[in-house]
Protein chains: 2
Amino acid sequence: MDPVSQTSEEEIVDTPDADHLGKMIREARLKKGWTLEEAGKAAGIGRSTLSKIENNQTRPSFDIVRRLTKALELRTPQLFVQSGPSDISGRRDVTLAGQGEPQDTPTYFHELLCTELTSKRMFPYISTIKARDVSEFESWIRHRGEEFMYVISGELTFFTEHYKPLPMKAGDSVYYDSGMGHGCVSTSKEDAKVLWVSLE
Amino acid sequence: MDPVSQTSEEEIVDTPDADHLGKMIREARLKKGWTLEEAGKAAGIGRSTLSKIENNQTRPSFDIVRRLTKALELRTPQLFVQSGPSDISGRRDVTLAGQGEPQDTPTYFHELLCTELTSKRMFPYISTIKARDVSEFESWIRHRGEEFMYVISGELTFFTEHYKPLPMKAGDSVYYDSGMGHGCVSTSKEDAKVLWVSLE
DNA sequence: GCGAAAAGTTTCTTATAAGAAACACAAGTT
DNA sequence: AACTTGTGTTTCTTATAAGAAACTTTTCGC
């Protein structure tokens, strides 16, 4: 196999991961240095309930888990980890310069990166923004999630709902709620090039 | 307020978001064009149960929700959204070139980007990798989550456990499980510069 | 419009989660 | 060593989730 593009889609057997949850919660609680009583109070649940959850003696309701994640400031995605064909553990995916998967729209020329790794959670892509006048700005893009943008080259104006237009140049970056309307136009003579990383 | 750096930490009142879950699940099911029966079968639960969940007439167990997210291929983080002081809705955070928050280690010079938005889920930073010999490579970095790296300038070799060393140059990118040991060294005369986006 | 089939909702039963209180087990204190 | 206090575990009760089946609504054919 080509050493550069090693994304293999091997089938992995499913395992129950039954006692994963309790372990994680106990870990998070101890990390905060809390007793069952304290953590329970912070999350609004009884200490006996929490004890049983941590020892996997019960299947808690989604509500309870949600309250716990908030109180303990737990990262939620990892609570759902279940082994299966769709996780990226022990994998990597390389895309060489200019070798991304092209995807065009009227305004942007997108190049999707690392598309072999279908189960990844972030979506990186490079966009070429065609040079044109600021006045031509048309409609907002809007999609659930958050997004990071880094200007690789050129100059552009980045628009966000509720904010003033933002002039940007190579090396600048912005992080924003992509649920807000957003979009950008090149303000230099040449096309501008940006790297986007999107997370739903 | 400075229009460029508008990250405000206003207090937002907490709302229960009680009927968020059902709505999302119904949406995901319909998107797949499935009936209650079909979706239930795929997730291994009864259609009556699913009906009640979608109509928020019950507080499902975490297990059931997990099975549903798997069957419906739902993005899990958004199931946990609860309004509160710590989400980024309607916000943005800008970092101009070279204005990131510096953070040094023996091997890397990191510049953290968009640090005002503390509740964001992805962590972007630019690293300058000091020029040195490949043989000097020491120890693996390893942390839970996934990571995306884009080479801004210079040439380097990217190391990942279980894989062959990967020579990279400006414009190349790689996405990998950051739980695997990883690290990189510059192979050009000058320092190399890379953009990393990390997600736990 | 009427019947038949399919999709969704509402009982009804039972299995079980959640919390209170009792219990067990430490680590200090006198 | 007995007493206290603090932490986690195990009953025990009751509130409720989950599934089966009955019921309602929608969709489609004729």
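In the text below, chain A, chain B and the rest are named by the order of the sequence lines, each starting its count at 1.
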Hey, could you give me the [atom1]/[atom2] distance between [X] and [Y], rounded to the nearest 0.5 Å?
X	Y	atom1	atom2	value
A:Glu200	A:Ser178	CD	OG	8.5 Å
B:Met24	B:Thr69	CE	OG1	11.0 Å
B:Phe148	A:Leu113	CZ	CG	5.0 Å
B:Asp172	B:Leu166	CG	CG	7.5 Å
B:Asp93	A:Tyr175	CG	OH	10.0 Å

For chain B, the stretch of DNA chain C it reaches, first to last nucleotide, under 4.0 Å of its heavy atoms: C:dA7 to C:dT11
Positions of residues 43-55 of chain B (non-hydrogen atom under 4.0 Å from DNA chain C), listed by number: B:Arg47, B:Ser48, B:Ser51, B:Lys52, B:Asn55
Sugar-phosphate only, base, or nothing, as touched by A:Gln57 at under 4.0 Å among non-hydrogen atoms: sugar-phosphate
4.5 Å side-chain heavy-atom contact, B:Ile64 and B:Phe62: no
B:Lys70 vs B:Val65 side-chain heavy atoms within contact, under 4.5 Å: no
Test side-chain contact (heavy atoms from CB on, under 4.5 Å) applied to B:Val194 and B:Met168, step by step: CA-CA 10 Å; B:Val194 304; B:Met168 296 180 83; over 6 Å; no
Nucleic acid contacts - residues 26-36 of chain B versus DNA chain D, non-hydrogen atoms under 4.0 Å: none
Neighbour count above 12 (heavy atom, 6.0 Å) for B:Lys169 NZ: yes
Other residues, nucleotides, ligands: >12 heavy atoms within 6.0 Å of A:Lys32 NZ: yes
Axis bend over the full length of the helix from C:dG1-D:dC30 to C:dT30-D:dA1, computed from five pairs that close each end, to 10 degrees: 20°
Test side chain to side chain donor-acceptor pair (under 3.5 Å) applied to A:Arg92 and B:Thr160, step by step: CA-CA 8 Å; A:Arg92 85 176 182 197; B:Thr160 327; 2.6 Å; yes
Centroid separation A:Tyr176 to A:Phe158 less than 6.0 Å: yes
Under-3.5 Å N/O pairs linking protein and nucleotides 25-29 of chain D:
none

I'd like a table of donor-acceptor pairs (distance under 3.5 Å, sequence neighbours excluded) in which one partner is a side-chain atom from residues 43-53 of chain A, with atom names and distances.
unit_1: A:Arg47; atom_1: NH1; unit_2: A:Glu37; atom_2: OE1; d: 2.7

Stepwise salt bridge (Lys or Arg N to Asp or Glu O under 4.0 Å) check, A:Lys120 with B:Glu146: CA-CA 8 Å; A:Lys120 66 188 182 305; B:Glu146 33 201 277; over 6 Å; no
Hydrophobic cluster identity match, A:Leu30 and A:Ile25, side-chain contacts under 4.5 Å: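 The answer is no; the residues belong to distinct hydrophobic clusters.
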